[in-house]
Participant: 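Below you will find the structure I want to go over with you.
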Amino acid sequence: MSFTLPSVLTIAGSDPSGGAGIQADLKTIAALGLYGSSVITALTAQNTTRVYQVEDVSILMLTDQLEAVLSDITPQAIKIGMAGSSASIKVITEKLSKFPMIPVVLDPVMVSTSGGTLFEQNGLKDLTDKLFPLAALVTPNIPEAQVLLSTKKPLLSKNDMEEAAMELCKKYKTAFLLKGGHSSMEANDVLCQNGIITWFHGKRIETSNTHGTGCTLSSAIACGLAMKKGLEESILLAKEYLTGALMAGLELGNGNGPIWHGFKDT
Ligand SMILES: Nc1ncnc2c1ncn2[C@@H]1O[C@H](COP(=O)(O)OP(=O)(O)OP(=O)(O)O)[C@@H](O)[C@H]1O
Ligand SMILES: Cc1ncc(CO)c(N)n1
């Protein structure tokens, strides 16, 4: 008996400790029952405690990876995480613009949970000018939203988050899910789509093992879109999966540990 599966492509950086980046994305996609392919933008040497080193793959290698995957196992949705340099962003934009019908979820990764820099700010203009217009959804956390809005305002209250999501939506003319993991409230995320605000409520789980939560959420949303679910339903399902993976209570590593992507099977 043969079968096929919807496929999700992740374009992101590698995390050798397995909790974030490409590794988190592929685990999420497999756990949700879809086929995952991956294009690596950068290698990182990191673990749950810190980022040791970051090295972009060559532009030629990035180009060939994108061509190899897109010409063969064309995905039904794409997640972009750590985008790499301005030059990488240009290649990704050029290749993806040939597939305008594939929905893109863009996680504008800037800093790791452990505090390491994963994106050079001089690439910011290319990220926002070139990649944002390709995205069906952009998923910043609170510090990333502050950078994108050029503000130091704390964005801690419900009202602050709603206003920031609205401003992001207006400024960059696409949908934004502002994630509340870094707020002092429950783990609530706010969506602004076409000027309409929708909240996604999540219970805050008392843990410091949150390495890769953002990567997991964005790739899970891409899975929903690949299954032809609407944006709101995809976010709801992604939050539910992420909450389960956090609640599983995995303890690994000496820092902000990973979550358990395989919790559904145990
Ligand atoms: N302690 C927690 N309990 C429940 N949900 C959480 C917790 N921390 C974060 N989340 C959820 O995880 C998702 C990612 O949010 P967060 O703001 O932490 O993103 P991030 O900083 O990009 O993640 P990452 O750690 O991968 O860089 C959001 O849906 C957020 O609500
Ligand atoms: C490769 C990579 N992408 C994203 C993040 C953000 O969690 C990380 N720590 N590492």
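Ligands are counted one by one from 1 in listed order, and the atoms in each one are counted from 1 as well.
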Participant: If you take the nearest heavy atom of each of Lys203, Lys239, Lys179, Met185, which one is closest to atom 19 (O) of ligand 1?
Facilitator: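 Shortest heavy-atom distance from atom 19 (O) of ligand 1: Lys179.
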Participant: Within the structure, is a non-hydrogen atom of Ala12 found at a distance of less than 4.0 Å from ligand 2?
Facilitator: no
Participant: Give the residue, atom name and distance (to 0.1 Å) of the protein heavy atom nearest atom 12 (O) of ligand 1.
Facilitator: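 Protein heavy atom with the smallest distance to atom 12 (O) of ligand 1: Leu242 CD2, 3.1 Å.
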Participant: Yes or no: does Thr243 have any heavy atom under 4.0 Å from an atom of ligand 1?
Facilitator: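 So Thr243 does not count as touching ligand 1.
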Participant: Report yes if Gln46 has an N/O atom closer than 3.5 Å to an N/O atom of ligand 2; otherwise report no.
Facilitator: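 Min N/O separation from ligand 2 is below 3.5 Å for Gln46.
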Participant: Heavy-atom count around Glu67 CD within 6.0 Å, excluding the residue itself: above 12?
Facilitator: yes
Participant: Is it the side chain, the backbone, both or neither of Asn256 that has a heavy atom closer than 4.0 Å to ligand 1?
Facilitator: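 No part of Asn256 is near ligand 1 at this cut-off.
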Participant: List ligand 2 atoms under 4.0 Å from Ser112, heavy atoms only on the residue side.
Facilitator: 9 (N)
Participant: Side chain, backbone, both or neither: which part of Cys215 comes within less than 4.0 Å of ligand 2 when only heavy atoms are counted?
Facilitator: side chain
Participant: What protein heavy atom lies closest to atom 27 (O) of ligand 1? Include the residue and the distance to one decimal.
Facilitator: Thr113 OG1, 3.7 Å
Participant: Using a 4.0 Å cutoff against the non-hydrogen atoms of Gly21, which atoms of ligand 2 qualify?
Facilitator: 1 (C), 2 (C), 3 (N)
Participant: Can you tell me the protein heavy atom closest to atom 20 (P) of ligand 1 and the distance?
Facilitator: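 For atom 20 (P) of ligand 1, the nearest protein heavy atom is Asn141 ND2, 3.6 Å.
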Participant: With heavy atoms only and a cut-off of under 4.0 Å, state how Leu118 meets ligand 2: side chain, backbone, both or neither.
Facilitator: side chain
Participant: Going by the atom numbers of ligand 2, which of them fall below 4.0 Å from some non-hydrogen atom of Gly13?
Facilitator: 1 (C)
Participant: Report the nearest protein non-hydrogen atom to atom 5 (N) of ligand 1: residue, atom name, distance rounded to 0.1 Å.
Facilitator: Ala187 CB, 3.2 Å
Participant: Heavy-atom contact check, 4.0 Å cutoff: does Glu206 meet ligand 1?
Facilitator: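 Glu206: no contact with ligand 1 (<4.0 Å).
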Participant: Tell me the protein heavy atom at minimum distance from atom 1 (N) of ligand 1, and give that distance in Å.
Facilitator: Ile205 O, 2.9 Å
Participant: If you round to the nearest 0.5 Å, how far is SG of Cys169 from CD1 of Ile197?
Facilitator: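 The CD1 atom of Ile197 sits 7.5 Å away from the SG atom of Cys169.
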